[in-house]
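Please read through the structure below; I'll follow up with questions.
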Amino acid sequence: MSPSHKPIVYIISAPSGSGKSTLVNELLKLVSELDFSISYTTRAPRGSEQNGKQYHFVPREQFEQMIRDDEFLEHANVFGDAKVPGDYYGTARRFLREAGVHGHDLLLDIDVQGASQIKQKLTDAVSIFVLPPDRKTLEWRLRHRGEDREAVIARRLVTARREIENYSKYDYILINDKLEESSESLQAIVQSERLQRSGCLLSSDEKKTVELADRHRLANVRERVLPILASFRTLPAPAQS
Ligand code: ADP
Ligand code: 5GP
């Protein structure tokens, strides 16, 4: 344990249904000394979600009190618009403090608005955007997850298009087509950042890890992202009912 450890903050964002939680769960099992920041939210638990595990589920009044008490590093109202109020989601400051005390790094699973707030405050945070291979696949994954009503799925698809337009603000882009490959690449990104910041001479295996991570850097994937973006632009917007 190092009392002076400055955690590397990894931000991971994705349109809902892209497979981010699946990838994050796998990552946390396979990579050590990486803490997960359990966000606070006012949305209701889904499926088998448990309070304090995936999220801290709190009433709106409690969340608004936490905002007034400046307990959040960032917070956002997600899936809201002029008609629907949406739900609050926020990252508590204490997770960053605690990761530092334990000598660990910290993983934030947050939306595009939250990611940009964090990048302004913590400029050396590493941001990763997970994309589905195309819109049809995203719609299929949302339906087959079987946790959301049709109206919620429709809203998530509209939000997805808006979110994907922001892909170029991220350091790394991970197109989640084959799960095993995506999982390996996500691990490589985390390890590569650690290796490069360690200042140590890299072994040949470590260099391969850095190479795999680099394949997912924004500049190296732009060409592959454009058709994905187009698939969201050309298909008709889903019904809102
Ligand atoms: P998110 O956290 O981004 O909302 P989930 O991790 O809940 O998404 O994944 C949405 C659904 O897609 C889940 O049913 C999950 O099992 C499935 N899924 C995730 N990644 C893949 C993949 N690469 N190929 C096929 N299905 C996937
Ligand atoms: P879900 O309801 O599907 O779990 O998450 C909805 C969205 O909220 C996802 O894009 C997720 O990344 C985002 N989210 C989860 N926690 C936070 C948070 O603490 N802050 C912000 N800004 N977004 C969050």
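Whatever order the structure lists ligands and atoms in, that order sets their numbers, starting from 1. Just so we're clear, the structure is a prediction, and the values are computed from it rather than from any experiment.
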- Atoms in ligand 2 flagged as close to Arg43, the criterion being non-hydrogen separation under 4.0 Å: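 Contacts of ligand 2 toward Arg43, numbered from 1: 1 (P), 2 (O), 4 (O).
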
- Message: Show me which atoms of ligand 2 lie under 4.0 Å from any heavy atom of Gly114.
- Response: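 Under 4.0 Å from Gly114, ligand 2 has these atoms: 22 (N).
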
- Task: Have a look at ligand 2 and work out which part of Gln113, if any, has a heavy atom under 4.0 Å from it: side chain, backbone, both or neither.
- Result: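 It is neither; nothing of Gln113 touches ligand 2.
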
- Of all the heavy atoms in Phe72, does at least one lie under 4.0 Å from an atom in ligand 2? no

- Does any N or O in the side chain of Gln113 come within less than 3.5 Å of the main-chain N or O of Asn77, such that one atom is a donor and the other an acceptor? yes

Which N or O atoms of ligand 1 sit under 3.5 Å from a protein N or O, and how far apart is each pair?
| residue | atom | partner | partner atom | Å |
| --- | --- | --- | --- | --- |
| ligand 1 | 2 (O) | Ser21 | N | 2.8 |
| ligand 1 | 2 (O) | Ser21 | OG | 2.4 |
| ligand 1 | 3 (O) | Gly17 | N | 3.4 |
| ligand 1 | 3 (O) | Ser18 | N | 3.2 |
| ligand 1 | 3 (O) | Gly19 | N | 3.0 |
| ligand 1 | 3 (O) | Lys20 | N | 2.8 |
| ligand 1 | 4 (O) | Gly17 | N | 2.7 |
| ligand 1 | 4 (O) | Arg145 | NH1 | 2.7 |
| ligand 1 | 6 (O) | Ser21 | N | 3.4 |
| ligand 1 | 6 (O) | Thr22 | N | 2.9 |
| ligand 1 | 6 (O) | Thr22 | OG1 | 2.5 |
| ligand 1 | 7 (O) | Arg145 | NH1 | 2.9 |
| ligand 1 | 8 (O) | Gly19 | N | 3.1 |
| ligand 1 | 20 (N) | Asn176 | ND2 | 3.1 |
| ligand 1 | 23 (N) | Asn176 | OD1 | 2.9 |
| ligand 1 | 23 (N) | Asp177 | O | 2.9 |
| ligand 1 | 23 (N) | Leu179 | N | 3.4 |
| ligand 1 | 24 (N) | Arg141 | NH2 | 3.2 |

- Message: Tell me if the CZ atom of Arg143 is crowded by more than 12 foreign heavy atoms within 6.0 Å.
- Response: yes

- Query: What atoms of ligand 2 come closer than 4.0 angstrom to any heavy atom of Ala76?
  - Reply: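 Taking each heavy atom of Ala76 in turn, ligand 2 has 22 (N) under 4.0 Å.
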
- Task: Examine the side chains of Thr209 and Gln191 and answer whether a donor and an acceptor come within less than 3.5 Å of each other.
- Result: no

- Flag the pair Arg233 and Glu165 as a salt bridge only when some basic side-chain nitrogen lies within less than 4.0 angstrom of an acidic carboxylate oxygen.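 Glu165 and Arg233: salt-bridged.
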
- Mode of Glu74 contact toward ligand 2 - side chain, backbone, both, neither (heavy atoms, under 4.0 Å):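 The answer is the side chain.
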
- Evaluate the criterion ring-ring contact (aromatic ring centres under 6.0 Å, His included) for residue pair Phe63 and Tyr88; output intermediate values, then yes/no. CA-CA 8 Å; Phe63 197 102; Tyr88 281 126; 4.8 Å; yes

- Query: Hey, which atoms in ligand 2 end up nearer than 4.0 Å to a heavy atom of Lys20?
  - Reply: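 Going through ligand 2 atom by atom, the ones under 4.0 Å from Lys20 are 9 (C), 10 (O), 11 (C), 12 (O).
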
- Query: Are Glu49 and Arg43 ion-paired here, with the side-chain N under 4.0 Å from a carboxylate O?
  - Reply: yes

- Message: Quick one: does any side-chain atom of Ser127 pair with a main-chain N or O of Asp171 as donor and acceptor, under 3.5 Å?
- Response: yes

- Query: Is Gln54 touching ligand 2 with its side chain, its backbone, both, or neither, if touching means heavy atoms under 4.0 Å apart?
  - Reply: neither

Could you give the side-chain donor-acceptor pairs of residues 18-33 under 3.5 Å, partners two or more places apart or in another chain?
| residue | atom | partner | partner atom | Å |
| --- | --- | --- | --- | --- |
| Ser18 | OG | Pro15 | O | 2.6 |
| Lys20 | NZ | Asp109 | OD1 | 2.7 |
| Asn25 | ND2 | Ser21 | O | 3.2 |

- Message: Show the atoms of ligand 2 that are less than 4.0 angstrom away from any heavy atom in Arg156.
- Response: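 Numbered from 1, ligand 2 contributes 2 (O), 3 (O).
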
- Message: For His216 together with Tyr172, are the ring centres under 6.0 Å from each other?
- Response: no

- Query: Are Thr42 and Asp87 close enough that a side-chain donor and a side-chain acceptor fall under 3.5 Å?
  - Reply: yes

- Does a side-chain N-to-carboxylate-O contact under 4.0 Å join Glu64 and Arg68? no

- Contact atoms of ligand 2, heavy-atom distance to Ser16 under 4.0 Å: 3 (O)

- Ligand-side contact atoms (ligand 2) for residue partner Arg46, heavy atom cut-off under 4.0 Å: 1 (P), 2 (O), 3 (O), 4 (O)

- Task: Return yes when Ser13 approaches ligand 2 closer than 4.0 angstrom through a heavy atom, no otherwise.
- Result: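 Judged by the 4.0 Å heavy-atom criterion, Ser13 does not count as contacting ligand 2.
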
- Query: Between Gln196 and Ser192, is there a donor-acceptor pair closer than 3.5 Å when you use the side chain of the first and the backbone of the second?
  - Reply: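 Yes, the answer is positive, given that a donor and an acceptor are paired below the 3.5 Å cut-off.
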
- Query: Taking the minimum heavy-atom distance to atom 17 (C) of ligand 2, which of Tyr88, Tyr40, Tyr89 ranks first?
  - Reply: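 Ranked by closest heavy atom to atom 17 (C) of ligand 2, first place is Tyr89.
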
